Every structure is written in structure tokens, then in C-alpha cells.
Amino acid sequence: MKKRIGVLLSGRGSNFEALAESVAAGRIPNAEIAVVISNREGAPGIQRAESRGIRTSVIPSKGLEREVYDRQVAAVLDEHQVDLICLAGYMRLLSPFFVAQFPNRILNIHPSLLPSFPGLESQRQALEYGVKFAGCTVHFVDENLDAGPIILQATVPVLDEDTEATLSGKILKEEHRIYSQAVKIVLEGKYKIEGRRVLSAA
Ligand code: GRF
């Protein structure tokens, strides 16, 4: 049986696309993207999914209380019998209800070396802080923002001539690479969690 991935996004969807490419190319073996859900109408990521023939669902979140909204999303994920949830530019904090519903089955990609620069505009935060290395993190999701045990990270050097745009571009390339790697590790169960540490396991 193929493992079923559900992707939640709010925008562009390049990380979704990278995951879809990896699934199609067999870099994430025995898996399929069962559904892509957006909380925003008109998210380009939804069009990308449609053009790949992947099922989509737009569930507008505006004005809804967090848990009320999350229950709707959880119902769609259950309907599609999803094994793993990948947040890919999903601009919402998850309710404790949602996190408890899918323990250690939700991943997120964040464009910084966490725990540095959580939240929005991480690449700008890194540049303004003056760090010499930036990067990205794939982590399990808990109810706190950009927290949860770290599965993989990748670094990129920050050069004098970097701007927010060039730095973001370099980081994004690494995001696309390590997100697929992390999904493979998790789907194959080749890890164990000890405290906050995610260690490899055969
Ligand atoms: C990425 O930088 C990701 O790390 C962050 O939001 C951005 C989403 O980009 N969480 P995309 O929609 O995957 O292109």
C-alpha cells in the first residue's frame, strides 16, 4: 500500500511541487500525494496541484475560530486516509486539537536554521542580524510556532552581496531538496525521537 501524503499550503506551492516531483521520480518511494488543501482561494499551489491531476480542496479559513477550522481540515485529511501531513507554506498556526489528532505525523519546512528566526520573513531577519550562514529546517510540528523536533537542516553561506531575494532563492533550493529527504525518512520509519532529538534508526 502506498503511503498517502496530504499537503497544506496557502500560496505559491513550490515546496509542494518539489515533493510531487520527488514522488513522481521515485525519490520518495511507495508514496502518493492524496490531497492538497489550501486555506486561501486562488493559491497558486492549488493550480499547480490541479495541473498534476492531484485532488485539491480549498477550505477558506477567514473568520473561523482556529479549532472549528482545523476540524474541517482534519475531516478532509481523514476522508483521504492520509498517513503524513506536509505543511508547505501553510500560513496558519495549528490548534492543539489538530496536532493531537496526528501525533508525529505533521511536518513543516521553515526557511531558517531553527531555533533562529522563527515566524515571518526569516530570510530578512537572518540578513539583518548579520549571520554568515543561513538555511532551512524540516521539523515535526507541535502547537508552538516553528518548534518541534528537527528532522533535517541545510545551510547556505550568506555572502556580502546577498539580498533578501538572492538569499531566499538559495535557501529555497535547499528547502526543495531536504523536504523530500525528510519525508522519505519519516515515511520509511527510519528514525526515532529521543527528547527533542530525531535520530536515525534502521
Ligand atoms: C517557504 O519558504 C517555506 O519554507 C515557508 O514558506 C515558503 C513557502 O514557499 N514555510 P512555497 O509556497 O513552498 O513556494
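Computed from a prediction, not measured in an experiment: that's the story for all the values here. Both counts, for ligands and for their atoms, begin at 1 and track the order of listing.
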Tabulation required: pairs of a nitrogen or oxygen in ligand 1 and a protein nitrogen or oxygen under 3.5 Å; columns are atom names and distance to 0.1 Å; otherwise 'none'.
unit_1   : atom_1 : unit_2 : atom_2 : d
ligand 1 : 2 (O)  : Glu175 : OE1    : 3.2
ligand 1 : 2 (O)  : Glu175 : OE2    : 3.0
ligand 1 : 4 (O)  : Ile109 : O      : 3.4
ligand 1 : 4 (O)  : Glu175 : OE1    : 2.7
ligand 1 : 4 (O)  : Glu175 : OE2    : 3.4
ligand 1 : 9 (O)  : Arg12  : NH2    : 3.1
ligand 1 : 10 (N) : Ile109 : O      : 3.0
ligand 1 : 12 (O) : Gly13  : N      : 2.7
ligand 1 : 13 (O) : Ser14  : N      : 3.3
ligand 1 : 13 (O) : Asn15  : N      : 2.8
ligand 1 : 13 (O) : Asn15  : ND2    : 3.0
ligand 1 : 14 (O) : Arg12  : NE     : 2.5
ligand 1 : 14 (O) : Arg12  : NH2    : 3.1
ligand 1 : 14 (O) : Ser14  : N      : 2.8
ligand 1 : 14 (O) : Ser14  : OG     : 2.5

Q | Interatomic spacing from CD in Glu79 to OG in Ser57 - rounded to 0.5 Å | A | 8.0 Å
Q: Working to the nearest 0.5 Å, report the span between OH of Tyr179 and CG of Asn15.
A: 7.0 Å
Q) Quick one: side-chain contact (heavy atoms from CB on, under 4.5 Å) partners of Asp146, sequence neighbours excluded? A) Asn108, His110, Leu114, Pro118, His139
Q. What pairs of residues pass the side-chain hydrogen bond (donor to acceptor under 3.5 Å, both in side chains) test when at least one of them lies in residues 193-202, not counting sequence neighbours?
A. none
Q | Co-members of the apolar cluster containing Leu145 [side chain, <4.5 Å] | A | Leu93
Q: Keeping the roles fixed (side chain from Arg27, backbone from Ser180), state whether a donor-acceptor pair exists under 3.5 Å.
A: no
